[in-house]
Amino acid sequence: MTVTDKDQEPTPGDVYLRERVRHLEEAAQRHQYALDVLLSITTLFGDHEQDRDPGPILEKAHDCIHRLLSLEDAGYYLVDDASDFRLHYRPPDAGAGADLERRVDAFIEDGTFAWALNQNRPVCLPARDSGEVHWVLHVIATRSRIRGMFVGRIQSQSLQRDELGLRLLTLVLFHAAYALESADLYALLARQRETLERVSRRQSEALAHQYSHDTLTGLPNRILFGDRLNQLLGSHQEQGEWGGYLAVILMDLDHFKRINDSLGHRAGDRLLQRVATDLQGLLSDEAMTARYRLRRAEITLSRLGGDEFGILLNAVESPDLAARVAHRLVQAVNREYEVEGHAVFLACSAGVSIHPLDGEDGETLIKNADAALHEAKRQGRNGYHFYTREMNSHSYRYLVLENALAKALSRDQLEIHYQPQICLASGRVRGMEALLRWEHPQEGMLPPAQFIPIAEETGLIEGLGAWVMQRVCRDLQQLEAGGLRPEWVAVNLSPRQFRQADLVQTYRDILRQGDIPPQWIELELTESTLMQDVDAAVNSLRQLHHLGFRLAVDDFGTGYSSLSHLKNFPIHTLKVDRTFVQDAPEDANDAAIVTAIVAMAKGLGLEVIAEGVETSEQLAFVKGLDCGLVQGFYYARPAPLETLIPLLETPPRNRLPPPH
């Protein structure tokens, strides 16, 4: 019988070759398996800057673990807060035989879950209801932080076969934990970046708002006001057809500094906020805008700085309507306000310029509206004024005089003239009033009425006042050395000087340097100055009186002060205003006023000086009232000290002790 190749027994060489092939195939499979596992692990570290959700990371981790273990079900629990573990991922093909959530709850309740967290290896637990099923628990943690827990269900026979997979499970979950940590860091950085961008955006918006708006009132400021004005002017030029007038209104609160000085800047700020709110309400009122045929979108209200407000009215049908709006705005501000427990009455002035009548560019329109505002103030305040071309020449002269006055003070171009105050009983000079004169290089001698208001408004008056006091002290030293000194020299105090915070200290230093007793100086204040703030005036007068100065009230009868106010002022002298004396005795009303003032002053024990005595009839009238002193052209005009020396020498005057 023939034996075929099929029936032949394999030789040892065949067996060796077959085993060798199988061994090589298994080695190749193991290498491929290892490469697949490593490749799966590397996918865990994807671009977490784009993928910050733990779900995709856990999905990739599960794909890798699924290659290692024959799982029937699995769940990945992560720590949501300090102690709460929640299911974050469960594969879509999870088995339905066992309830994963129920089993995990049982592990948590009996402490198995907490125990497994402390094991850096797989924990395999047989299922209580089935000996063929095991539960695999493994912590998901980096070396510094626990991220969560892996829970899987696997058949017992698969568990024995996948021993290598269990060892690799530790490696996969360790890298998964780092991937989760990396994703968290990217998410944190993203949130921080978003927060910084949001904060930066808000700060940029806030800075832009602060740049263009007033921080106190929230209104557009001078910058935005100017930009808006230029935009409107550009729009007018581009339209090429008549679209109405453009009105620029500047408003300024009258004597607002007094409120800051007397009640404090906080009260002043609150008052400015109230005014801004009132103006906003008025300009937003539909009935008001309809009345003047304006559109709300064509109105701009700004706070330009300090107590100055600016209003733009675009597409105004006529200058008359702009005037009526300005008048309405002034009326709205002119009322009594309650601030810091005090009743404060406000008044304001306004200036108006119109495009194209008063200028073609924004700078010119604002300059002309400002000139109109100053004209409204000059004419008595509490009203409005339109710009006229004559104002430019007046403003230019004002500016020239302001600059020249500052130079005159530094170059000693000022002079002091004195006018005697004559005692009617003896005919002798008892006092003299010091009057400032300016010898202008081009215009000659200028009277005080031309430059004192400028000095008062610009603040130069404080320097002028100190200069006058120094010069008077020097002249008093000269007169004392010659035995010709009168009892006092009167020096005028302007309203701004009287509010000067360091006035007492300044005058004390000047007198000390000149070695002049304060009793030789009489400070004159107008009645209207004292009545601006009676309580503050009483306090300031008491300080000056305590220092030793004589005090006089000038222009009495024009400031509407009451007797109750007058008796509280620590004064020595009352000066009857020249307007009453000049028309007496012909004018019965003025004569009655002078008679009453003299009688009242004598009743209070005050010296009385009648100003403006120029005729013998006026002299006889005041002498008949037993008025103690007179001052006027009848005896002498204001003149340099040297001119008045003869009047001081003859007749010899009685030496009287300085008053206390």
Side-chain angles (χ1 to χ4, degrees), residues 202-235 246-257 259-260 263-289 292 294-316 322 324-335 337-340 344 346-353 355 362-363 365-370 372-374 376-377 384:
R202 289 178 180 174
Q203 288 179 341
S204 298
E205 293 172 354
L207 287 174
H209 188 273
Q210 291 176 8
Y211 176 76
S212 59
H213 287 75
D214 173 50
T215 56
L216 179 65
T217 63
L219 295 175
N221 60 14
R222 184 180 293 274
I223 295 174
L224 190 55
F225 181 81
D227 288 345
R228 174 64 174 160
L229 176 57
N230 290 330
Q231 290 174 8
L232 292 174
L233 291 172
S235 176
L246 171 59
V248 178
I249 304 175
L250 299 186
M251 297 180 61
D252 189 280
L253 303 182
D254 297 335
H255 303 300
F256 186 75
K257 187 176 184 299
I259 296 173
N260 282 334
L263 300 182
H265 286 276
R266 185 176 69 173
D269 288 346
R270 290 184 178 178
L271 198 54
L272 287 171
Q273 291 172 332
R274 294 277 299 279
V275 171
T277 301
D278 289 352
L279 292 176
Q280 278 182 305
L282 178 64
L283 294 173
S284 301
D285 183 64
E286 293 183 1
M288 198 282 288
T289 53
Y292 300 116
L294 296 170
R295 289 187 299 166
R296 180 66 188 92
E298 302 290 353
I299 301 174
T300 300
L301 170 64
S302 301
R303 182 190 175 207
L304 305 182
D307 59 339
E308 187 177 11
F309 294 86
I311 300 96
L312 299 177
L313 305 177
N314 190 37
V316 183
R324 292 164 63 187
V325 172
H327 178 66
R328 182 70 185 87
L329 291 170
V330 170
Q331 281 185 325
V333 175
N334 291 359
R335 67 179 183 85
Y337 294 80
E338 181 75 20
V339 58
E340 298 285 337
V344 177
L346 274 187
C348 73
S349 304
V352 187
S353 65
H355 171 269
E363 183 178 354
L365 289 168
I366 291 175
K367 177 175 69 70
N368 291 340
D370 192 55
L373 171 61
H374 280 81
K377 288 179 174 292
Y384 72 94

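Just so it is clear, the structure is predicted and the values come from calculations on it, not from any experiment.
The two residues Leu282 and Ala332 make their nearest non-hydrogen contact at CD2-CB, 3.8 Å. Closest non-hydrogen pair, Gly218 versus His213, comes out as O-CD2, 3.4 Å.
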Contacts under 3.5 angstrom, residues 226-233 side chains, donor-acceptor by atom type, not counting sequence neighbours:
{"from": "Arg228", "atom 1": "NE", "to": "Thr300", "atom 2": "OG1", "distance (Å)": "3.3"}
{"from": "Arg228", "atom 1": "NH2", "to": "Ala297", "atom 2": "O", "distance (Å)": "3.2"}
{"from": "Asn230", "atom 1": "ND2", "to": "Gly226", "atom 2": "O", "distance (Å)": "3.2"}

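With contacts defined as side-chain heavy-atom distances shorter than 4.5 Å, the pair Thr289/Glu298 does not qualify. Contact of the Tyr384 side chain with the Ile249 side chain is not registered, since no non-hydrogen atoms from C-beta on lie closer than 4.5 Å. Using a 4.5 Å heavy-atom cutoff, the side chains of Phe309 and Leu272 are in contact. Side chains of Val352 and Val248 form no contact here, defined as non-hydrogen atoms less than 4.5 Å apart. Counting only heavy atoms from C-beta outward, the side chains of Leu312 and Asn314 never approach each other to under 4.5 Å. Leu313 is listed as a side-chain neighbour of Ile299, based on a closest heavy-atom distance under 4.5 Å. Contact annotation: the side chain of Val330 never approaches that of Ser349 to less than 4.5 Å [non-hydrogen atoms, C-beta and beyond]. Using a 4.5 Å cut-off on side-chain heavy atoms (C-beta onward), Val316 and Leu294 make contact.
In this structure, the salt bridge (Lys or Arg N to Asp or Glu O under 4.0 Å) partners of Arg222, at least two apart in sequence or on a different chain, are Glu308. Applying the salt bridge (Lys or Arg N to Asp or Glu O under 4.0 Å) rule to Arg266 yields the partners Glu340; only residues at least two apart in sequence or on another chain are considered. Partners of Arg328 according to the side-chain hydrogen bond (donor to acceptor under 3.5 Å, both in side chains) rule, which considers only residues two or more places apart in sequence or in another chain, do not exist here. Applying the salt bridge (Lys or Arg N to Asp or Glu O under 4.0 Å) test to Asp278 and every residue at least two apart in sequence or in another chain returns Arg335. A search for salt bridge (Lys or Arg N to Asp or Glu O under 4.0 Å) contacts involving Asp252 returns Lys377, not counting sequence neighbours.
Atom CD of Gln331 sits about 11.5 Å away from atom CZ of Arg324, to the nearest 0.5 Å. Separating the CZ atom in Arg303 from the CG atom in Leu224 is a distance of 15.0 Å, to the nearest 0.5 Å. Atom-to-atom distance recorded for Leu329:CG and Ile311:CD1 is 5.0 Å, nearest 0.5 angstrom. Separating the CG atom in Leu373 from the CD1 atom in Ile366 is a distance of 12.5 Å, to the nearest 0.5 Å. Distance CG/Leu250 to NE2/His374: 10.0 Å, rounded to 0.5 Å.
Judged purely by atom type and a 3.5 angstrom limit, Asp214 has no side-chain atom pairing as donor or acceptor with the backbone of Leu304. A donor-acceptor pair under 3.5 Å is formed between the side chain of Asn334 and the backbone N or O of Cys348.
Under a cut-off of 6.0 angstrom, the local environment of NE2 in His255 is crowded, with over 12 non-hydrogen atoms contributed by other residues, nucleotides or ligands. Atom CD of Glu286 is surrounded by 12 or fewer heavy atoms from other residues, nucleotides or ligands within 6.0 Å.
Applying side chain to side chain contact (heavy atoms under 4.5 Å, CB included) to Leu346 and the options Leu253, Asp254, Asp307 leaves one that passes, Leu253.
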